[in-house]
Amino acid sequence: MNLKDRLEQLQKESLAQIKDAVDAKKVNEIRVHVLGKKGPLTEVLRGMRDLPAEERPKVGSFANKVRDEIGTALEERRSELEAERTAAKLAKEKIDVTLPGVQVKQGQPHVLEQVIDQIEELFLGLGFQVIAGPEVEEEHYNFEMLNLPKDHPARDMQDTFYITDSILMRTQTSPVQARTMEKHDFSQGPLKMISPGKVYRRDTDDATHSHQFHQIEGLVVDKHITMADLKGTLQLVAKTLFGEEREIRMRPSYFPFTEPSAEVDVSCFKCGGKGCAVCKYTGWIETLGAGMVHPNVLNMAGIDSEVYGGFAFGLGPDRFAMLKYGVNDIRDFYLNDVRFLEQFSQKG
Ligand code: 2NL
């Protein structure tokens with residue numbers, strides 16, 4: 001076969017191979033094989049040495065043409081394959097922007113926080129301060145200052161988490177009031193405060209007891225404070241939390257830090273007072289403890305009980321929330337199972 005025929009054959013074979021190449025790697029293999037130093041084209045060109053001088057330019061120029069055509073075909077196939085690859089990749093990566101997105105769960109304040117917030121709002125509106133204090137407290141502020149002397153049964157080791165002989169987990173939020181009374185300057189106006197927060201009792205947890213729960217205590221101290229002020233304030237608490245139609249009644253009771261003391265009942269929000277399972281067929285639900293601040297408590301805080309008087313009350317947000325939402329196990333508030341908590345979502 002003469003050189004020209006060999007070149008034509010090489011051209012035909014190469015172009016066919018290039019057309020059939022399935023990927024860039026194959027295209028490159030063909031390039032290296034056909035155009036490379038040890039490839040057939042180089043070999044054919046080397047054979048030109050043996051041609052008569054007058055034929056060399058013709059065959060040489062044909063050889064160049066064949067090489068250029070193969071080079072162009074290689075480049076075209078390469079870019080064609082690359083375009084195919086890009087198209088396939090884009091088709092695979094296509095996203096459907098009309099698909100629904102991943103649901104982001106919307107949280108909300110814990111149900112107890114919601115109840116506490118509502119009470120805080122009410123009292124802020126009445127010009128009370130909201131004051132927090134330490135949960136690890138001195139025995140002195142938790143007990144002595146509240147007229148609970150050393151031998152008082154409420155101070156029993158059995159009921160209180162003691163940390164040392166004189167440091168404990170507060171059993172009520174009243175030490176915050178005791179600390180505030182000590183510091184209060186009556187030339188600046190009356191003392192009006194609530195103290196919401198966590199309290200601790202050495203109790204075995206069950207449906208109605210938790211070793212840690214919440215309390216909100218309120219305290220007003222000024223000249224000429226009467227039990228009517230107390231009753232009006234508690235009336236407002238009952239209506240705010242349980243509805244405008246609610247009434248309250250006060251029954252005599254005993255607390256070491258108030259005298260006189262009262263248990264406060266709210267007319268049943270479920271039956272309106274006619275009697276039902278919620279109020280145990282009495283028409284009333286016990287919700288608060290309250291009273292006029294004991295003179296000893298005022299005097300111990302450095303306030304002259306001959307001049308100043310006050311009222312105080314304590315309520316349990318846990319109990320309020322249980323009543324309001326029909327929760328019958330206090331532990332549900334502290335297990336933090338989202339399926340329970342998300343039932344108290346505030347959104348529409
Ligand atoms: C209840 C009873 C009460 C108080 C708390 C108080 C605080 C000071 C002075 C006088 Cl500094 N009293 N707090 C008064 C009466 C009752 O709580 O049953 N709470 C759930």
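Start at 1 with the first residue, then count along the sequence.
Among residue pairs with one or both ends in residues 50-62, none qualify as side chain to side chain donor-acceptor pair (under 3.5 Å); sequence neighbours excluded.
Contact between Met181 and Leu191 at its shortest, heavy atoms only, is CG-CD2, 3.6 Å. Contact between Arg246 and Gly272 at its shortest, heavy atoms only, is NH2-CA, 4.2 Å. In this structure, Ala63 and Leu45 approach most closely via the heavy-atom pair CB-CD2, 3.2 Å. Here the closest heavy-atom approach between residue Thr173 and residue Gln215 is recorded as N-OE1, 2.9 Å. Across every non-hydrogen atom of Gln114 and Phe344, the tightest pair is NE2-O, 2.8 Å. The minimum heavy-atom distance linking Val221 with Phe186 is given by the pair O-CE2, 3.3 Å.
Using a 3.5 Å distance cut-off with no hydrogens or angles, the side chains of Tyr162 and Glu139 do pair a donor with an acceptor. Asn299 and Tyr308 form no side-chain donor-acceptor contact under 3.5 Å, judged by distance and modelled atom types alone. Side-chain contact annotation: Asp205 with His211, donor-acceptor N/O pair under 3.5 Å present. Residues Asn142 and Thr171 have side chains that bring a donor and an acceptor to within less than 3.5 angstrom of each other. The closest side-chain donor-acceptor pair between Gln177 and Ser195 falls under 3.5 angstrom. Residues Gln172 and Glu217 bring no donor and acceptor atom of their side chains to less than 3.5 Å of each other.
Under the 30°/60° scheme for interplanar angles, the aromatic rings of Phe257 and Phe255 are found to lie parallel.
Checking side-chain atoms of Glu137 against main-chain N and O of Met169 turns up no donor-acceptor pair under 3.5 Å. Lys192 places a side-chain N or O within 3.5 Å of a backbone atom of Leu126 that can act as its donor or acceptor partner. Using modelled atom types, no side-chain atom of Ser14 and backbone atom of Val34 make a donor-acceptor pair closer than 3.5 Å.
By the criterion of side-chain heavy atoms lying less than 4.5 angstrom apart, applied directly or through intervening Ile, Leu, Val, Met, Phe, Trp or Tyr residues, Val266 is grouped together with Leu315 in one hydrophobic cluster.
Counting heavy-atom neighbours within 6.0 Å of Lys270 NZ, excluding the residue itself, gives a total of 12 or less. Counting heavy atoms of neighbouring residues, nucleotides and ligands inside a 6.0 Å radius, atom CG of Asp165 does not exceed 12 of them. Counting non-hydrogen atoms of other residues, nucleotides and ligands closer than 6.0 Å to CD of Glu342 gives a total above 12.
Geometrically, Lys324 does not engage Phe242 in a cation-pi contact defined by less than 6.0 Å to the ring centre and at most 45° from the axis. Cation-pi geometry between Arg179 and Tyr141 is satisfied (NZ or CZ under 6.0 Å from the ring centre, within 45° of the ring normal).
Considering only residues two or more places apart in sequence or on other chains, Met322 meets the side-chain contact (heavy atoms from CB on, under 4.5 Å) condition with Val327, Ile330, Phe333. Partners of Glu120 according to the salt bridge (charged side-chain N to carboxylate O under 4.0 Å, His left out) rule, which considers only residues two or more places apart in sequence or in another chain, do not exist here.
Within the 6.0 Å centre-distance limit, the rings of Phe313 and Phe123 are counted as a close aromatic pair. Taking the six-membered ring for Trp and the full ring otherwise, the centers of Tyr200 and Phe213 sit at least 6.0 Å from each other.
With contacts defined as side-chain heavy-atom distances shorter than 4.5 Å, the pair Arg67/Leu35 qualifies.
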Please step through side chain to side chain contact (heavy atoms under 4.5 Å, CB included) for the pair Cys268 and Trp284, ending with a clear verdict. CA-CA 5 Å; Cys268 183; Trp284 295 95; over 6 Å; no
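When Thr226, Thr233, Leu234 are each tested for a side-chain contact (heavy atoms from CB on, under 4.5 Å) with Leu230, only one passes: Leu234. Across Val130, Val220, Val176, a single residue satisfies side-chain contact (heavy atoms from CB on, under 4.5 Å) together with Met193, and that is Val176.
A salt bridge links Glu75 with Arg78: the distance from a Lys NZ or Arg NE/NH1/NH2 to an Asp or Glu carboxylate oxygen falls below 4.0 Å.
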